[in-house]
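Remarks on the structure that follows.
As a basis for the values below, the full set of heavy atoms in this structure was taken, side chains included, without hydrogen atoms, waters or symmetry mates.
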2 protein chains.
Amino acid sequence: MAATLHDVANLAGVSFKTVSNVVNGHPHVRPSTRERVERAIAELGYKPNLSARSLRSGRTGAIALAVPELNLSYFAELASFVIAAAEQAGLVTLVEQTGGDRDRELALLKSPRLRMTDGLILSPLGMGQEDADALDVAFPLVLLGERTFDWPNDHVTMSNLNAAHAATEYLIASGRRRIAVIGENEDEVMGSARLRLRGYREALEAHGIPYDERLVARATLWHRADGARAMHDLLDRGADFDAVFGFNDTLALGAMRVLQEAGLRVPEDVAVLGFDDLDEAAYAIPSLTTVDPGREWIARTAVETLLERIGRKGKDLAPRTKLADFTIIERESAPKD
Amino acid sequence: MAATLHDVANLAGVSFKTVSNVVNGHPHVRPSTRERVERAIAELGYKPNLSARSLRSGRTGAIALAVPELNLSYFAELASFVIAAAEQAGLVTLVEQTGGDRDRELALLKSPRLRMTDGLILSPLGMGQEDADALDVAFPLVLLGERTFDWPNDHVTMSNLNAAHAATEYLIASGRRRIAVIGENEDEVMGSARLRLRGYREALEAHGIPYDERLVARATLWHRADGARAMHDLLDRGADFDAVFGFNDTLALGAMRVLQEAGLRVPEDVAVLGFDDLDEAAYAIPSLTTVDPGREWIARTAVETLLERIGRKGKDLAPRTKLADFTIIERESAPKD
DNA sequence: CCGATGGTTTGCATCGTTGTAAGATCGTCA
DNA sequence: TGACGATCTTACAACGATGCAAACCATCGG
């Protein structure tokens with residue numbers, strides 16, 4: 001059995017409360033006592049029982065991060081940053097996968113598993129306005145992704161609309177006029193897909209380019225395979241385009257692969273622009289021009305925001321929205337001109 | 001404040017222990033009582049306090065997974081499978097990143113943070129024979145990666161040596177004779193890098209091809225950037241090769257990118273073979289021939305093995321090694337002939 | 001030499017749950 | 001009707017830690 005405060009106390013010849021004081025860095029402990037206790041701790045290899053500690057203190061020292069899937073590189077890289085940021089704050093991170101499924105997202109919010117943590121960072125995909133009540137929870141919660149619904153929570157994100165607008169404008173500025181998009185998803189009531197589509201449309205409009213539905217390809221989950229499938233759709237229906245804007249990098253990469261299989265040259269025949277700036281994007285062939293959404297900032301800020309909620313005054317704060325800056329990274333698949 | 005057993009008991013007009021019995025599906029509870037209690041539970045939105053439960057029961061319902069980085073796609077995909085397998089067993093997963101750093105791996109094994117979990121799945125990278133003692137821990141521990149040291153733990157892996165041997169042979173069978181490798185790392189005393197190098201050498205030897213140090217490029221961490229750097233090294237030093245075996249897919253992809261930048265055609269001038277079968281590999285241009293190490297099997301088996309250790313008889317089991325089957329997936333970057 | 005002072009140590013109650021054992025209730029049978 | 005199991009419910013003691021308040025003990029000034 002693992003050693004307890006009592007065991008250490010017996011060995012050191014003090015009361016177990018004194019050991020607790022040493023462990024917690026209580027100010028008034030005589031140096032000689034402290035040293036004796038510390039020796040006993042080392043000898044027994046004592047480690048505090050975190051269940052007991054959190055039962056007593058009400059804090060667990062863990063946060064939960066819920067993303068659709070770690071298989072999606074964007075979320076893997078995001079999770080990596082979140083875990084690192086949490087660790088810096090002395091917290092461990094419990095990772096859940098929702099599959100982007102509304103029911104699983106809702107179930108998670110009600111799950112007793114969350115009682116194991118001090119708060120949740122959730123990247124919702126399936127939920128909509130009708131789920132606002134489910135999001136009005138008693139524990140600290142920070143949402144990743146834009147505040148498009150009237151949800152009572154903190155949000156950390158970048159402006160999907162502005163970024164998509166800028167990306168589209170970038171393609172227009174480079175001389176492209178028939179710009180296809182991949183990733184539209186009408187099931188998603190108002191998430192990134194919808195916002196990015198809106199940004200795309202507004203940019204077209206601002207430049208007097210008509211919106212053409214035949215250039216819009218849908219994709220529900222954003223894997224490479226979905227991007228490939230969408231590009232096949234576009235090609236099969238004989239769509240005529242000189243650029244593709246993928247709503248994320250994996251879609252764009254899947255599409256780029258199909259383009260080249262079809263004998264089209266990137267960027268000569270078709271420029272390709274992605275969204276996320278995955279590590280992979282820089283090493284694709286050709287390398288992928290993409291939107292850098294400030295992933296690391298988002299991760300760090302999400303953890304900070306959650307910590308504020310967890311803190312003493314967390315309950316009193318009004319819901320906040322924090323926006324990251326985005327940048328367009330120029331690479332080979334869509335040169336500036 | 002969240003509701004407790006007491007609150008529910010008051011509302012339902014029973015003792016708090018009866019509520020506990022209902023929650024735990026205790027057999028002898030009158031249906032009418034059960035129903036009354038369940039209504040009270042629903043009304044108050046009662047959720048058991050997991051800290052208290054695990055203090056009492058000694059089980060936390062969580063496992064820890066420690067990998068070098070989630071940024072590395074292999075580990076992201078692995079983590080995804082581990083989390084899913086754990087969830088099926090009703091466990092949540094806490095993810096730690098070690099950076100492949102020996103000190104952080106050792107620190108993790110001693111960390112009180114682990115008391116929050118029932119066991120650990122660790123993918124060690126920096127540790128060696130001298131750390132055997134540190135691995136002789138009191139909690140359930142399963143290691144990912146091959147048992148090359150005399151470590152007192154369960155191992156789940158595939159045969160790095162056989163897989164690398166087969167991969168090299170595949171290239172030889174396709175007519176290549178000057179096969180470079182990327183990923184050698186002499187710091188790593190006896191991990192995957194060393195084993196894969198050994199497999200490579202043995203395959204060469206079996207076919208009477210001399211081992212040529214100038215064809216061996218090192219890389220410590222296995223990011224795309226490291227693969228790119230290694231390939232630059234090879235090209236800069238004028239190495240003469242007609243194939244490259246990357247010790248993982250990201251290395252291979254980074255290298256492939258540099259090859260094509262240098263005007264070399266893949267696979268005509270240089271065949272490229274990777275290791276891991278990332279989702280990405282199928283969509284690279286050209287698509288990447290690679291070794292599928294049975295990642296999902298490894299993840300599932302690691303969780304199962306850990307559960308056996310956690311179980312009643314876990315302490316009595318001798319250390320086991322479980323080997324996954326690997327397959328070579330033929331794609332464009334290295335056709336069979 | 002005593003009480004005040006302030007640092008140092010301790011005892012007790014408590015967090016919310018579960019296991020054990022004992023108590024209450026009920027129907028059944030002699 | 002009363003005793004007796006069987007079924008249902010309850011009381012109590014942990015699990016290991018922390019917070020509070022009280023107790024202890026030097027040291028110092030008067």
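Residue B:H6 is in base contact, counting any heavy-atom pair closer than 4.0 Å across all strands shown. Residue B:S54 is out of contact with every strand shown, counting any heavy-atom pair closer than 4.0 Å. At a threshold of 4.0 angstrom between heavy atoms, the contacts of A:S51 with the nucleic acid are absent.
Between the side chain of B:R56 and the base of C:dT18, a donor-acceptor pair under 3.5 Å is found.
Toward the 5′ end of DNA chain D lies the nearest nucleotide of B:S15, the other residue of the pair B:S15 and A:R53 mapping further downstream. Nearer the 5' end of DNA chain D, as judged by each residue's closest nucleotide, is the contact made by B:G13, out of B:G13 and B:L55.
The interatomic distance linking B:L5 (CG) with D:dA11 (C1') rounds to 15 Å, in whole Å. Rounded to whole Å, atom P of C:dG16 lies 17 Å from atom CE of A:M116. A straight line from CZ of B:R59 to C1' of C:dG19 spans 16 Å, rounded to a whole angstrom.
For B:E304 and B:K322, the salt-bridge test fails: no basic side-chain N is under 4.0 Å from an acidic carboxylate O. A salt bridge links B:R39 with B:E35; the closest basic N to acidic carboxylate O contact falls under 4.0 Å.
In this structure, A:V95 and B:T93 have side chains that are not in contact, with every pair of non-hydrogen atoms separated by 4.5 Å or more. Side-chain contact between B:V156 and B:I121 is absent, with no heavy-atom pair separated by less than 4.5 Å.
For C:dT17, the OP1/OP2 oxygens have no side-chain nitrogen or oxygen of B:S57 closer than 4.0 Å. Between A:T4 and the phosphate of D:dC15, there is no side-chain N or O to OP1/OP2 separation shorter than 4.0 Å.
The stretch residues 16-31 of chain A comes close to DNA chain C through A:F16, A:K17, A:T18, A:N21, A:H28, A:V29, A:R30, each having a heavy atom under 4.0 Å from the strand.
Scored by the side-chain contact (heavy atoms from CB on, under 4.5 Å) test, B:R30 finds B:S32, B:T33 as partners (sequence neighbours excluded).
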Inset, instruction - Take B:D131 and B:L109 through the test side chain to side chain contact (heavy atoms under 4.5 Å, CB included) and record every step on the way to the result. - result: CA-CA 11 Å; B:D131 301 312; B:L109 288 168; over 6 Å; no

